[in-house]
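Have a look at the structure below, then the notes.
Numbering of ligands and ligand atoms starts at 1, following listing order. Quantities reported herein were computed from a predicted structural model and do not represent experimental measurements.
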Amino acid sequence: MTKNKNWWKNKIAYEIYPRSFYDSNGDGTGDLKGITQKLDYLKELGVDIIWICPVYKSPMDDGGYDIADYYSIDPLFGNMEDMDELIREADKRGMKILMDLVINHCSDEHEWFQKALADPNCEEAEYFYFRTSKNGPPNNWRSMFGGSAWEHVGGDRYYLHLFSKKQPDLNWENPKLRKKIYEMVNYWLDKGLGGFRIDAITHIKKEPTLSSLPPDGPDGMVACFGPTRNYPGIGEFLLELRQNTFDKYECMTVAEAAGVPYEQFGEYIGENGYFDTMFDFSYSELYSYGHGWHTCKKAGEWPIVWLRDKMFASQLATEKAGAFGAVFFENHDYPRAMTKYIPDKYHSPTAQKMLGNLFFFLRGIPFIYQGQELGMTNVRMDSIDDYNDISTKNHYRIALQDGLTEQEALDAVARYSRDNARVPFPWSNTKNGGFTTGKPWLKVHPDYPQLNAEDQMKDPGSVYRFYQNLIAIRKSEAYNQTLTYGSITPILLEYENVIAYQRSGEKNICVICSFSHDSQTINLPFKFKKILLSNYPDVKINGERLELLPYQSVSAEI
Ligand code: NOJ
C-alpha cells in the first residue's frame, strides 16, 4: 500500500503545553486526561493536529525537555493508559497527536547517564560526550542556558551539555545509541501516533575536535552555535534517522530547525527531505540584541519591515525549495506575539486578530499555540521566585551581572520570559480560570475573569471566534486549495507599516495587515471581489482605495 505522506498539509495544528492546559485531578498540574477532556474544545475550534510538549518521565529541570525514560509517562501527567486513550480519542475525532521527540540530549537521571557516571568504561559512557581535562572545562563553549557547556563529574572528567547541566548531550557518532533511538521512535509510532515535533535536532552533530574558539564575551566563552548547529555531516544522521523510522509510517514530522540557511531548506524539507516540515526561526527574534534579554529592543523600537522582509524571505525560500513550512507566531519558548510586535500602549484584541490573520494565511501549515486563539497577553509576576523557567533565571542573572537593579532585571526578564506563554490556560471566569481545583503549579494569568475560553466562545466578536473563522476559511471548499497550495507573493511593499501578500491558486486571495496606530489610505493594484474577513465590522473601500483603520486586517478574494 502506498503511504499518503501529505495528509497533514491542509490541516490546522495546535501546540499544547500539557502542564498548563487542563488539570483533570486537582493536583495543580495539567495532565493527559485533561487534554483528552478538552479535545472537543479543540475540535470545535477546527484543530486537526495536536503537538504536545514532552510528557515523558522527567525531573522537569527544563519543562520535561530533560527525559529520564523515553518509554514512560511522567506521573505528573498520568500514565501510559492515559496516553493511549488520548491517541484513541483523538483518532475518533479525526485528530492526530504529535509527541515531542527530544533526542539531542536526555536527562542526567536517565539510566544510560547514571551507568555512564558509575563506570567510565561501560557501553553507555560512549552514548555521551565525556572528556577529561586537567585545567578546567575541555573547551570554552557556553551553554544555551548560561555558563560553561561542560559539567565536572569528579577527577578530571567532564560531560558536554548544550542546554542545562541536567541535559547531557547524546553522542550521535555512536551507532549503538542511534539504534536505541530508532527503536524508541518506532515504539511510539507503532502506537498510532500522528508523528513528532523534533526538538533541537539541528544540534546532533558536533564539530569533531570539540576545540575552543575565540571568545565572544567577557566570560571568555563562545556561543556554541557555530560548532554544534547544522554542522556539516549532520545530514547523514538525519537521513539514517528518517530511513529507520519515519519512512515506515504514515506520520508527520516537524523539525525544530534553528540555524538552517535558506539554501538548505530543500535538503531538510524538500521532496526527499529529512523531515516533512520544519519551524524556521529566521524571523522570530528580530528584537534580540546583545547577550541578554535586558538588551533586547521593544516593539516599536525596530521597524516592522524587518519582520515583513524576513518573513517573506523565508516563505519564498520554502516555496523555491519545493517545500512546505510550518508557520507560527507563538510557542512555549517565546513571550506572547503581541509583546513582540505591537508597542505596549496599542495592545488590543483588534491587534491580536490582525496578527492572527497575518500568519494564518501564509503558505505552510499553521500552528496555533494554546491561548493564542484567545489573544492571551504576557503576564507580569511579582518576584523572580514566581518564575519557573530556567532561561528566565539565567537572563535575570545576566542582567544583574551587567549592573541592573533587581527591579530593572525583573522588568527585563518579565517581557521575554518563556513563562509568559506557560501560565495555565484560562478556561472560564471561575477560580484559577477553571484550570484546576487545586493550587496551580505556576501562577494563573490575572486577566482570566475577563479573558477566558468560555466567555469568548459565546461572544461573536471575540478573538476565539476570529480564529474559528480563520480556520473555517482556510478549510472551506472555496479557498482550501488556494490557501494551502497557492503560491505566495508579497505585495504593497511601498507601505512601510503594512504587511500584505497574495496567495494564488484556483483563486486569488490578498491579506492586508496594518501595523500603524493611525488610519492610512492605500492604493490597491486590484479590486476586491469578495471580502472574506476583517477585524473591524467595516472595510472602507472605494474602488481601489482602501482606508485601513489602526491595526486593521483585511482578507479578500481578488
Ligand atoms: C527547544 C525547546 O522548545 C525548549 O523549550 C527547550 O528548552 C530546548 N529545546 C531544549 O530541549
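- Between Phe279 and Phe328, the angle of the ring planes goes over 60°, which puts this pair in the perpendicular group of the 30/60° scheme.
- Closest protein heavy atom to atom 3 (O) of ligand 1: Asp333 OD2, 2.4 Å.
- Evaluated for a salt bridge (charged side-chain N to carboxylate O under 4.0 Å, His left out) with Asp62, the options Arg418, Lys393, Lys166, Lys165 yield exactly one hit, Arg418.
- The distance from ligand 1 to the heavy atoms of Glu256 drops below 4.0 Å at these ligand atoms: 1 (C), 3 (O), 9 (N).
- Among all non-hydrogen protein atoms, the one lying nearest atom 8 (C) of ligand 1 is Phe163 CE2, 3.8 Å.
- Here Met144 has no heavy atoms under 4.0 Å from ligand 1, in either its backbone or its side chain.
- Annotation: cation-pi pair Arg19/Trp441 present, NZ/CZ under 6.0 Å from the ring centroid and within 45° of its normal.
- Note on Lys443 versus Asp419: no salt bridge recorded, every NZ/NE/NH1/NH2 to OD/OE distance being 4.0 Å or above.
- Contacts of Phe145 with ligand 1, taken as heavy-atom pairs under 4.0 Å, involve the side chain alone.
- Glu173 meets the salt bridge (Lys or Arg N to Asp or Glu O under 4.0 Å) test with Lys205; sequence neighbours excluded.
- The ring-ring contact (aromatic ring centres under 6.0 Å, His included) contacts involving residues 52-76 comprise Tyr56-Trp188, Tyr65-His332, Tyr70-His110, Tyr71-Tyr187, where partners must be two or more places apart or lie in separate chains.
- When non-hydrogen atoms are compared, ligand 1 lies under 4.0 Å from neither the backbone nor the side chain of Glu15.
- At a 4.0 Å heavy-atom cut-off, ligand 1 touches Arg197 through the side chain alone.
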